[in-house]
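Remarks on the structure that follows.
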Amino acid sequence: MDIKSLTLDELKTEVSKLGEKPFRAKQLYDWMHVKLAAGYEEMTNLSAAFRARLKEEYPYTSLELVQVQTSAIDGTKKYLFALSDGNLVESVLMRYKHGNSVCISSQVGCRMGCKFCASTLDGLERNLWPSEMLDQIYRISADIGERISNVVVMGTGEPMDNYDNLLRFIRLLTDENGLNISQRNVTVSTCGLVPQMRKLADEKLQITLALSLHATTDEKRKKLMPIANRYSISELMDACQYYFEQTGRRLTFEYSLVGGVNDTAEDAQELIALAKKQCCHVNLIPVNPIKERDFVQSDQQAILVFKNKLEKKQIACTIRREMGRDIDGACGQLRRRHLIDGRKGGTQE
Ligand code: SAH
């Protein structure tokens, strides 16, 4: 049993099985989710006997820091963590005036196959548990000694492909007895798994749903994202509408601009037509070229022209700041480089 993935109520049941009083569960929960203890030995107000029992029966999830890189440009920090089975995941800390934002991974690898993305090149290894998603945030908060105010699930993996663990993670992250991060400060990004988007809408959470759109017709989208063979843009737009109706939350459409592929005047017109029908905000992302593919970034001028076209039609639109460009900031790049170095006989430490 993964103790750090349990709700407080579930923890009370476990603690009573060990013959301890219910208030011990609250103390334990507090150590795990507020004080961010890295192991049972830190939990000094629990008896040594109780800690020993816990250690015997409940393995404690705590990620091990393998590497940190700090951007010389903007202070963005990229973390590489080892899981208990030796798998590696990466997370990113971005520092903004309004607070600290952490981008976490939801899976080891990914099976979605998006053409421009480094995370998917080796396929899916496994899903992350709720505790492994939480601990990326906990270890980073402990590392910098500051509170994390925003969380985006935009690292490696497709969160909707790990739906149950994702939901439990969100509930624990936003629990008032835990870190108590506001749901409004949590964003989940998906390549567009329609049934799960609808299921999430029914949960009526106050989180932001971001859809990786990246193209405006099914034909063009299929060239970038294999998932487009499964769900059409029309089905996606219905699911987005439904999400808004159920939650009242404005959606984000992510649109990575690839030079000569999806950044033409026609693309802008089609994106306007789609966005007009939704309560949404468009986030333009200059594609971050990965060396395994030959996609190139749209030039700065083309990006501004594209943005102006959208704004003229009153579409709320921002260009994503490229943070951590000098430290393999894009999805999956750091982990991948590490794996490749390892295969070549380099060290993992
Ligand atoms: N699987 C989820 C979340 C992870 S990716 C999803 O698809 O949304 C987070 C965002 O970064 C997605 O919009 C993804 O399409 C985009 N992305 C991935 N690799 C990129 C790259 N090299 N350049 C620009 N955007 C990229």
Side-chain angles (χ1 to χ4, degrees), residues 78 89-92 94 101-124 127-128 133 136 151-163 165-166 169-170 186-194 196-197 200 207-215 220-228 230-231 236 239-240 243 251-259 261-263 271 280-298 303 306 318-325 327-337:
K78 186 128 189 176
V89 291
E90 57 186 75
S91 329
V92 186
M94 290 157 291
S101 183
V102 168
C103 173
I104 65 150
S105 295
S106 55
Q107 296 179 313
V108 182
C110 181
R111 57 175 177 163
M112 294 298 133
C114 297
K115 293 286 190 288
F116 43 79
C117 181
S119 296
T120 200
L121 291 167
D122 282 327
L124 175 67
N127 283 329
L128 292 188
M133 292 187 244
Q136 295 172 56
V151 171
V152 296
V153 188
M154 286 191 187
T156 294
E158 169 48 49
M160 297 292 190
D161 192 32
N162 186 14
Y163 185 89
N165 286 335
L166 173 80
F169 156 75
I170 294 170
V186 176
T187 298
V188 172
S189 176
T190 179
C191 65
L193 303 187
V194 167
Q196 287 91 328
M197 288 166 72
L200 186 66
I207 63 172
T208 299
L209 181 61
L211 171 68
S212 297
L213 188 59
H214 303 322
K220 283 186 249 180
R221 199 162 185 266
K222 282 175 194 170
K223 289 193 181 131
L224 294 172
M225 307 172 72
I227 193 68
R230 187 92 160 265
Y231 304 109
L236 280 176
C240 288
Y243 189 86
L251 286 104
T252 296
F253 288 165
E254 293 162 278
Y255 195 92
S256 293
L257 287 157
V258 188
V261 173
N262 63 2
D263 64 348
L271 182 55
C280 71
H281 162 260
V282 174
N283 198 201
L284 298 174
I285 312 171
V287 84
N288 200 334
I290 57 173
K291 66 173 186 307
E292 291 81 359
R293 300 275 186 266
D294 52 9
F295 290 124
V296 293
Q297 211 172 73
S298 307
I303 295 173
F306 200 93
T318 44
I319 298 176
R320 182 174 301 171
R321 274 168 63 198
E322 290 181 82
M323 298 182 81
R325 230 356 239 286
I327 52 164
D328 291 331
C331 293
Q333 289 188 0
L334 177 61
R335 170 173 173 265
R336 185 166 174 76
R337 193 158 52 73

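Remember, predicted model here, so these are calculated numbers, not experimental data. Atoms within a ligand are numbered from 1 in the order they appear, just like the ligands themselves.
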Would you mind listing which atoms of ligand 1 come within a distance below 4.0 Å of any non-hydrogen atom of [X]?
X	value
Val287	23 (N), 24 (C)
Gly157	1 (N), 2 (C), 3 (C), 4 (C)
Cys191	6 (C), 7 (O), 8 (O)
Glu254	10 (C), 12 (C), 13 (O)

(message) Using 0.5 Å steps for rounding, measure from the OG atom of Ser106 to the CG atom of Asn162.
(response) 6.0 Å
(message) To the nearest 0.5 Å, what is the distance between OG on Ser256 and CG on Asp263?
(response) 12.0 Å
(request) Looking only at distances, please establish whether an N/O atom of ligand 1 is found under 3.5 Å from an N/O atom of Cys117. (result) no
(request) Output yes when the distance from some N or O of ligand 1 to some N or O of Asn288 is under 3.5 Å, and no in every other case. (result) yes
(message) Looking at ligand 1, would His214 count as a contact under a 4.0 Å heavy-atom criterion?
(response) yes
(message) Any heavy atom of Cys110 closer to ligand 1 than 4.0 angstrom?
(response) no
(request) Could you check which of Ala118, Ser189, Cys114 puts a non-hydrogen atom nearest to atom 3 (C) of ligand 1? (result) Ser189
(message) Measuring from atom 26 (C) of ligand 1, which candidate in Ser212, Gly155, Ser119, Ser256 has the nearest non-hydrogen atom?
(response) Ser256
(message) Checking Ser91 now: which residues fulfil side chain to side chain donor-acceptor pair (under 3.5 Å) with it, not counting sequence neighbours?
(response) Gln136
(request) Apply side-chain contact (heavy atoms from CB on, under 4.5 Å) to Ala228 and list each qualifying residue two or more places apart in sequence or on a separate chain. (result) Arg221, Lys222
(message) Hydrogens and angles aside, do Glu254 and Ser189 bring a side-chain donor and acceptor to less than 3.5 Å of each other?
(response) yes
(request) Can you label the angle between the Phe116 ring and the His214 ring as parallel, tilted or perpendicular, going by 30° and 60°? (result) perpendicular
(request) Using a 4.0 Å heavy-atom cut-off, say whether Thr156 meets ligand 1 through its side chain, its backbone, both or neither. (result) neither
(message) Consider side chain to side chain contact (heavy atoms under 4.5 Å, CB included). Of Ile303, Leu257, Val258, which one does Pro286 pass it with?
(response) Ile303
(request) State, with a plain yes or no, whether a side-chain heavy atom of Lys223 is found less than 4.5 Å away from one of Val261. (result) no
